[in-house]
**Student:** 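Structure in structure tokens, see below.
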Protein chains: 4
Amino acid sequence: MAPLNDEQLHQIRDERREQIKAAAFQVFARKGIISAKMSMIAETAGISNGLLYHYFKSKDELFTSLVQEAMVESEATMRSVYAMPGTPIEKIRTLTEGMIDESGAPYFMLIHQARTSDGVPEKVKQLLEQYSMDTYMDMLLPLFQEGQHAGEIAADDPRELIACYLSVLSGIMVINSNGNDDYRHPKADMLMRLIANPETINK
Amino acid sequence: MAPLNDEQLHQIRDERREQIKAAAFQVFARKGIISAKMSMIAETAGISNGLLYHYFKSKDELFTSLVQEAMVESEATMRSVYAMPGTPIEKIRTLTEGMIDESGAPYFMLIHQARTSDGVPEKVKQLLEQYSMDTYMDMLLPLFQEGQHAGEIAADDPRELIACYLSVLSGIMVINSNGNDDYRHPKADMLMRLIANPETINK
Amino acid sequence: MAPLNDEQLHQIRDERREQIKAAAFQVFARKGIISAKMSMIAETAGISNGLLYHYFKSKDELFTSLVQEAMVESEATMRSVYAMPGTPIEKIRTLTEGMIDESGAPYFMLIHQARTSDGVPEKVKQLLEQYSMDTYMDMLLPLFQEGQHAGEIAADDPRELIACYLSVLSGIMVINSNGNDDYRHPKADMLMRLIANPETINK
Amino acid sequence: MAPLNDEQLHQIRDERREQIKAAAFQVFARKGIISAKMSMIAETAGISNGLLYHYFKSKDELFTSLVQEAMVESEATMRSVYAMPGTPIEKIRTLTEGMIDESGAPYFMLIHQARTSDGVPEKVKQLLEQYSMDTYMDMLLPLFQEGQHAGEIAADDPRELIACYLSVLSGIMVINSNGNDDYRHPKADMLMRLIANPETINK
DNA sequence: AATGAATGAGCATTCATTCAT
DNA sequence: CATGAATGAATGCTCATTCAT
């Protein structure tokens, strides 16, 4: 049989990489960087132990690459708020809902793992500094200000409001992403009270 | 020369035990049961590796004993809300404040680790089932109902309200207890909006 | 290049397993389960420490698996007495000879270690109960009775005769299997006097 | 209170030493040198761990000292055969009985442990060379020869006869001294057949 | 590209031995 | 003399990583 041409090879490589990443993503997010075993990732990806190392030089590199991707995705998710329909507070409500259920949480969970676990590679720490909470705050600031002008959002210091909102949201995502049934997902509506203008709620 | 008398020995043993527990508490809460190395605990406690095993039979036993203690303490903290001054919402506010800063968080963090980590001893799992979120909900229910009657607390289903409050609080404690500066502690006042009756806030 | 095919892998695995078993057998029989260090077994087998654990989950499992095999072999050896040539007493003599020199002793030695050492896994204890001395006695009983009828074997209580014979044989095997030159192997002929009918010997 | 005088001190020291030796003897003979833990010996002796080291510099020294004593005792036991009543074969029978039940076995067991275990101190190995099987053979030789002249003992090569007798006896003692009920003590009468002149038995 | 056998460094735990009291 | 707290070296076992095929 004729050997595969370059393009086909490239495609196989890319598919495998994605397959591995998906498996690793799942395992890392669930177990954290130390409890996640390379053998577990290989098994989840349905490949051999050794093959992992054809695609990623090390566990650290694999983890780093995932965190990088998660940061991009989480930023995109965050930015997407501006494209959502409705008034500012409605946009935020939609964003919040999306994060509380499954869609957005895994990315944040991985980032949380990266932020709080031991044994995180140095490179990841540097990446995280760039994408600190401030980045997200800057991203949401115009939206919150707009909401305040519209009287929908409480008139507190907007940065503090955002910090509070993000911390609560992060916390919720973290405690809910461990497959642990004990905690309850609060409804997005309740969380909105944190930032909504009370007068608005009243009506 | 005569050996140390019983009282002195007892005192030494007690001191060492507490010293080890304190060190282990710190390490476990920060790192989780797997990442926490016995050598790390020993070093933190300023003792040798071997001595750990004079006082605790195993890593599991040490962890279990700490979780047990944390459960007792966290329950006590939660119960203490009834003894606090002021109206129901003021009591809850004080409780919230206490948990957000240093005082209460470590206990919750350890319990969170126990709930979500891999490699948790079977006995701990059993203990955790007894102290589920429901336990805390039951404890706070009368207080929330009283607050609702007084018009201070939002008129939602009280159990859902408490679940939301506890989840948010847990989340905050978790993300804040990793010695990570990136997240911000939301102010207790802001968190109170989750449960407060909006009309009351307004005034 | 394609990976090794199934058959080759299977062969490698089987060879390694046997290689490890042989090494472990030697070390366990000589040193007992506690003194036998996994590193010693690995070295004897000419492999790394870690590889041991690809083939056997633990020291206990390795030991158990060897004891199991030894019990099967020792039973087979014992049963084979019926297929040996000659009269009952000649059969027993041949069996005895086989056990005193190298062929059968190591199996018995391992079983002896299992019976008398500390730190023997629970499962091994259960196995040993099934294969107690009584099992062997039952196996030899018909042969001894036949010999008694033929006037070749002493007319004592046959079970006691067998017990005596087996104890002596076990003892000999044990003291001889430690690579210790100090003890002498008694000749089989001498041992036969324990059970032979004295009148027969005379002639 | 007046301090104890030298003699009293000396007596206490001696008593303690014997107390420790007795405990160690028991534990070593039962468990072998490696499985025997110093803490076990201390507990058996009813003293603290540390005190052991006031009386014996190390585990090795303690073991060595016991082996030395056991060698002296076993030699004495062996020699005592000449003082026993009866004909040569009766003397040997009495000796055999004494060794099979409790009285003599522990000494031999300890020596067997010393001969066959791992981790035996170099000094013990040297001692054992001096007291090899040959020593015992020399001791019993005159008795056996006398028995042969009297027609009570089989007319084989006397040294081989003794070697056989001693090996069997050692084996019996070894397999019986592990508190293991599975093996049976053969009766002394049966063992005597190994060496007795068959004609004598007949009558 | 793909496999899984092989390696070795790291961690929990045990235990002989020392030391302050 | 006597105690038991304290130490640290040794051992079973795990797992990231490499390598021959």
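Below, chain A is the first sequence line, B the second, and so on; all start at residue 1. What's counted below: heavy atoms across the whole structure, side chains too, no hydrogens, waters or symmetry copies.
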**Student:** Tell me the interatomic distance from A/Ile33, atom CD1, to F/dA16, atom C1', rounded to whole angstroms.
**Tutor:**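 Distance check: A/Ile33 CD1 to F/dA16 C1' gives 12 Å.
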**Student:** Under 4.0 angstrom, heavy atoms only, what part of the nucleic acid is B/Tyr55 near: base, sugar-phosphate, or nothing?
**Tutor:**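 Counting heavy atoms under 4.0 Å across all strands, the contact made by B/Tyr55 is with sugar-phosphate only.
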**Student:** Provide the full list of ring pair (Phe, Tyr, Trp, His ring centres under 6.0 Å) pairs with a residue in residues 8-51 of chain C, sequence neighbours left out, each pair given once.
**Tutor:**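 Matches after skipping sequence neighbours: C/Phe25-C/Tyr107, C/Phe28-C/Phe63.
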**Student:** Start at the 5' end of DNA chain F and walk down; is the nucleotide closest to C/Ser58 or to B/Asn49 reached first?
**Tutor:**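 It is B/Asn49, whose closest nucleotide lies nearer the 5' terminus.
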**Student:** For the backbone of C/Phe56 and the side chain of C/Glu61, can you confirm whether one donor and one acceptor N or O come within less than 3.5 Å of each other?
**Tutor:**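 Checking the backbone N and O of C/Phe56 against the side chain of C/Glu61, no donor-acceptor pair under 3.5 Å is found.
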**Student:** Just the rounded figure in Å: distance from P of F/dG12 to CG of C/Leu62.
**Tutor:**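 The distance from CG of C/Leu62 to P of F/dG12 comes to 11 Å, rounded to the nearest Å.
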**Student:** Using whole Å, what does the distance between atom C1' of nucleotide E/dA5 and atom CD of C/Gln19 come to?
**Tutor:**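 Rounded to the whole Å, the gap is 12 Å.
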**Student:** If we ignore hydrogens and angles and just use 3.5 Å, is the side chain of C/Lys59 paired with the main-chain N or O of C/Ile33 as donor and acceptor?
**Tutor:**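 Yes, the answer is positive, given that a donor and an acceptor are paired below the 3.5 Å cut-off.
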**Student:** Specify the separation, in whole Å, of atom CG of C/Leu51 and atom P of F/dA20.
**Tutor:**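 My rounded result for the distance is 15 Å.
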**Student:** Please report, rounded to the nearest Å, how far the C1' atom of E/dT13 is from the NZ atom of C/Lys37.
**Tutor:**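 Going from C/Lys37 (NZ) to E/dT13 (C1'), I get 13 Å.
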**Student:** Does F/dC1 have OP1 or OP2 sitting under 4.0 Å from an N or O in the side chain of D/Arg13?
**Tutor:**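 Yes, within the criterion.
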**Student:** Considering only heavy atoms from C-beta outward, does the side chain of C/Glu122 approach that of C/Asp60 to under 4.5 Å?
**Tutor:**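 The answer is no, as the side chains (C-beta and beyond) never meet within the 4.5 Å cut-off.
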**Student:** Select from B/Met38 and C/Ile47 the residue whose nearest nucleotide in DNA chain E is closer to the 5' end of that strand.
**Tutor:**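 The residue whose closest nucleotide sits nearer the 5' end is C/Ile47.
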**Student:** B/Glu43 has an atom CD; how far is it from atom P of F/dT7, in whole Å?
**Tutor:**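 Taking CD of B/Glu43 and P of F/dT7, I get 13 Å after rounding.
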**Student:** Would the base of F/dA5 count as contacting B/His54 through its side chain, where contact means a donor and an acceptor less than 3.5 Å apart?
**Tutor:**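 No such pair is found, so the answer is no.
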**Student:** By nearest atom, which of the nucleotides F/dA2, E/dA2, E/dA5 is closest to the A/Ser48 side chain?
**Tutor:**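 Per side-chain heavy atoms of A/Ser48, the pick is E/dA2.
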**Student:** Looking only at atom types and distance, does a side-chain atom of B/Lys37 sit under 3.5 Å from a main-chain N or O of B/Ile34, one as donor and one as acceptor?
**Tutor:**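 A pair under 3.5 Å: yes.
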**Student:** Can you confirm whether D/Met38 sits close enough to D/Tyr53 that some side-chain heavy atom of one is under 4.5 Å from a side-chain heavy atom of the other?
**Tutor:**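 The answer is yes, as the side chains (C-beta and beyond) meet within the 4.5 Å cut-off.
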**Student:** Would you mind classifying the nucleic acid contact of A/Ala42 as base, sugar-phosphate or nothing, using non-hydrogen atoms under 4.0 angstrom?
**Tutor:**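 Answer is nothing: A/Ala42 stays at 4.0 Å or more from every strand.
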**Student:** Let me know the distance between CD1 of D/Ile34 and P of E/dT14, rounded to the nearest Å.
**Tutor:**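 Taking CD1 of D/Ile34 and P of E/dT14, I get 17 Å after rounding.
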**Student:** Could you state the atom-to-atom distance from OH of A/Tyr53 to P of F/dC15 in whole Å?
**Tutor:**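 Value for this atom pair: 12 Å.
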**Student:** Report the secondary structure of DNA chain F in dot-bracket form, marking unpaired bases with a dot and bases paired to a different strand with |, and treating Watson-Crick or G-U pairs with both distances under 3.5 Å as paired.
**Tutor:** .||||||||||||||||||||
**Student:** If you count every heavy atom of other residues, nucleotides or ligands that lies below 6.0 Å from C/Glu43 atom CD, does the total exceed 12?
**Tutor:**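 Result for CD/C/Glu43: open.
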**Student:** Would you mind classifying the nucleic acid contact of C/Leu52 as base, sugar-phosphate or nothing, using non-hydrogen atoms under 4.0 angstrom?
**Tutor:**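 Contact class for C/Leu52: none.
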